[in-house]
Amino acid sequence: MVAFSALSGLSALPLLFSLAQCVYGVSLDVSTEGGNSSSPILYGFMFEDINHSGDGGIYAQLLRNNGLQGSQPDLTAWAAVGDATLAVDTQNPLTEAIPHSLRLDVKQGVSGAVGFSNEGYWGIPVDGSEFLNTFWIKGDFSGDITVRLVGSNTGIEYGSTKITQSSHSGNFTKVSATIPTKKAPDGAVLYQLTVDGAAVRGSLNFGLLELFPQTFKSRPNGLKPQLAQPLDAVKGSFLRFPGGNNLEGASESLRWKWNQTIGPLEDRPGRQGDWTYYNTDGLGLDEYLYWCEDMGLAPVLGVWAGFALQSGGNTPITGDALKPYIDDVLNELEYIRGDSSTKYGALRASYGRKDPWTLTMVEIGNEDMLGGGCASYAERFTAFYNAIHATYPDITFIASTAQSNCLPSKLPAGTWVDFHNYNSANNLVSQFNQFDNLDRAVPYFIGEYSCQQNNAWPFMQGSVAEAVYMIGIERNSDLVKMAAYAPLLQLVNATQWRPNLLAFTQNPDVVIETTSYHVQHMFSVNRGDTIRQVTSDSAFGPVYWVASSAGNTYYVKLANYGATPQDITVSIAAKTSGKLTVLADHDPNAYNSDTQTLVTPSEVDVTATNGKFTFTLPAWAVGVLAAT
Ligand code: AHR
């Protein structure tokens with residue numbers, strides 16, 4: 001018997017639960033013969049810019065409204081410092097893509113520090129790494145530019161640098177400087193740039209200011225380590241991007257356009273995203289693909305399929321009118337996969353990536369069963385499929401819905417279907433056997449799922465329900481090839497959707513590993529390649545299980561969807577020792593948030609006695625036994 005006294009959250013276990021008569025038992029006999037092969041890429045991620053998961057989130061650029069992008073920018077996040085004023089300047093565009101700049105006006109006779117501040121995305125996380133600051137400046141100037149990272153309430157300085165610089169009124173000059181920093185205790189930090197007012201002749205213009213900490217794997221224009229590291233730790237297998245609804249756009253013209261997300265940042269106009277805010281597109285197509293490469297994830301590219309989220313009704317694009325959009329996807333694929341002798345492969349190489357990217361999975365559209373998309377989807381899917389398949393026969397295609405009435409009557413062989421499932425805890429559990437008896441001909445991608453109940457933080461009962469659903473998926477992972485929790489990330493201060501897998505604030509130390517994050521982590525890092533038969537006298541519920549193996553290691557995943565602890569006995573021939581990881585809380589409503597961390601997994605070493613591992617699975621628990 002293994003004691004769980006180390007389990008966080010169990011210290012408050014009522015005495016009642018330690019009474020033997022309240023503990024029921026389940027015996028599992030895991031076969032070491034035969035079995036079904038499981039999908040090697042079962043667990044991974046779905047990402048779109050929602051909840052400032054990209055801008056202000058995993059994309060490491062820290063200044064908000066940094067390019068004054070869009071057709072009607074304002075001074076959001078900017079404020080004047082000293083005796084000066086700020087304006088959005090349309091007369092001094094930085095580039096065609098970024099047709100505005102930030103003008104600093106200084107009256108004659110003013111001296112001393114004048115300039116501006118930027119408050120970041122509800123703060124700036126200063127993590128103690130060396131920062132890189134880049135900006136463009138235009139106007140007659142020669143002198144020192146001081147950049148500081150300073151506590152907005154305290155005035156405490158967390159980093160500063162002085163740049164001796166000259167600039168001219170004829171053109172923008174690019175300036176780059178590094179800033180050594182010390183870690184700030186919270187996110188209440190401002191970026192401040194000042195010059196001596198006496199050195200300014202009337203005004204100076206600034207364009208596209210960027211501020212980066214040390215990025216994940218030191219990738220230029222890369223990811224924020226605080227968020228990339230916990231994702232990397234999950235050891236996912238794929239990344240679906242760029243959406244979700246954020247692929248679709250609120251109209252055809254606002255769809256995600258791959259060719260406006262590549263190349264130098266000053267040539268990216270950005271776009272109005274679907275989740276209320278403007279997307280800089282600094283996290284663009286190549287950045288997604290570097291993300292995949294840096295975390296060992298297979299990219300799943302969503303392509304626009306003639307269907308936008310038009311408010312007040314949508315008319316999908318069909319027939320010959322689809323051709324330009326299909327051609328656009330072919331260009332995108334040539335950009336990704338073409339060698340440098342091709343037009344778009346050469347463009348990619350000119351942007352610093354000579355080798356083609358690896359891409360073998362393309363999803364056509366997003367949720368085309370909704371909003372009037374269903375009736376035309378079979379036609380649209382077929383048109384995209386035929387054109388892309390002719391050039392890239394090795395690509396696996398994913399239809400954006402599993403609803404048969406929206407799909408071609410006969411899907412091309414090898415096509416997968418995407419099924420999304422946001423559901424209550426009880427409903428997820430009732431869908432445990434959803435895939436057990438389905439025809440095996442058409443593989444599934446569960447492109448988005450999570451327990452969604454009361455718009456709440458991921459909570460223990462919901463996360464156990466997700467584990468039950470995942471056990472159902474894993475038992476059927478000959479059919480279900482991939483599955484992703486969604487949405488992935490949430491800036492607590494700017495949220496459109498709850499719950500999310502990981503949440504964060506701009507305090508460099510605050511990344512909230514939710515109960516659902518822990519479940520994803522436990523299931524993903526303990527993966528077998530063969531699903532093993534399990535024999536038991538007990539029926540499924542409240543305890544659910546699945547067993548798998550990889551080489552000599554056997555994995556038994558368990559969920560206890562109930563308030564009663566359960567004695568578990570597991571027999572696996574010739575296995576004598578192992579590690580048991582358990583996430584549990586007697587309170588089904590327990591959750592982790594920015595103000596509390598109640599539930600974290602515990603690990604204990606276990607040994608088998610007389611060929612049996614025995615332990616108690618607490619109430620509302622998810623467990624993984626890895627036996628060797
Ligand atoms: O994950 C949030 C949204 O849910 C996605 O953008 C969309 O695909 C789904 O409806």
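Both ligands and their constituent atoms are indexed starting at 1 by order of listing. Bear in mind that the values here come from a model prediction, so they are computed numbers and not experimental data.
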Considering both backbone and side-chain atoms of Asn245, is one of its nitrogen or oxygen atoms within less than 3.5 Å of a nitrogen or oxygen in ligand 1? yes
If we only consider heavy atoms of Pro487, is any one of them less than 4.0 Å away from an atom in ligand 1? yes
Residue part near ligand 1, for Leu370, under 4.0 Å between non-hydrogen atoms: neither
Does anything in residues 505-515 pair up under salt bridge (charged side-chain N to carboxylate O under 4.0 Å, His left out), and if so which pairs, sequence neighbours excluded? Lys183-Asp509
Assess whether side-chain contact (heavy atoms from CB on, under 4.5 Å) is satisfied between Trp497 and Tyr422, documenting all intermediate values. CA-CA 12 Å; Trp497 183 295; Tyr422 295 104; 3.7 Å; yes
Taking disulfide bond (SG atoms under 2.5 Å apart) as the cut-off, I'd like each qualifying pair that reaches into residues 381-456, sequence neighbours left out, listed once. Cys374-Cys406
Salt bridge flag under 4.0 Å for residues Glu334 and Arg337: no
Heavy-atom proximity to atom 3 (C) of ligand 1, picking from Glu367, Glu248, Glu448, points to Glu448
Below a 4.0 angstrom heavy-atom separation, can you tell me which part of Trp275, side chain or backbone, both or neither, approaches ligand 1? side chain
Nearest protein heavy atom to atom 1 (O) of ligand 1, by residue and atom, and its distance? Tyr422 OH, 2.7 Å
Need the ligand 1 atom indices (1-based, order shown) with element for anything under 4.0 Å from a heavy-atom of Glu48. 1 (O), 2 (C), 3 (C), 5 (C), 6 (O)
When you compare ligand 1 with Asn246, is there at least one nitrogen or oxygen pair between them that comes in under 3.5 angstrom? no
Within a 6.0 Å radius of atom NZ on Lys235, are there more than 12 heavy atoms belonging to other residues, nucleotides or ligands? no
Below 4.0 angstrom, N of the basic side chain to O of the carboxylate: do Asp274 and Arg271 qualify? yes
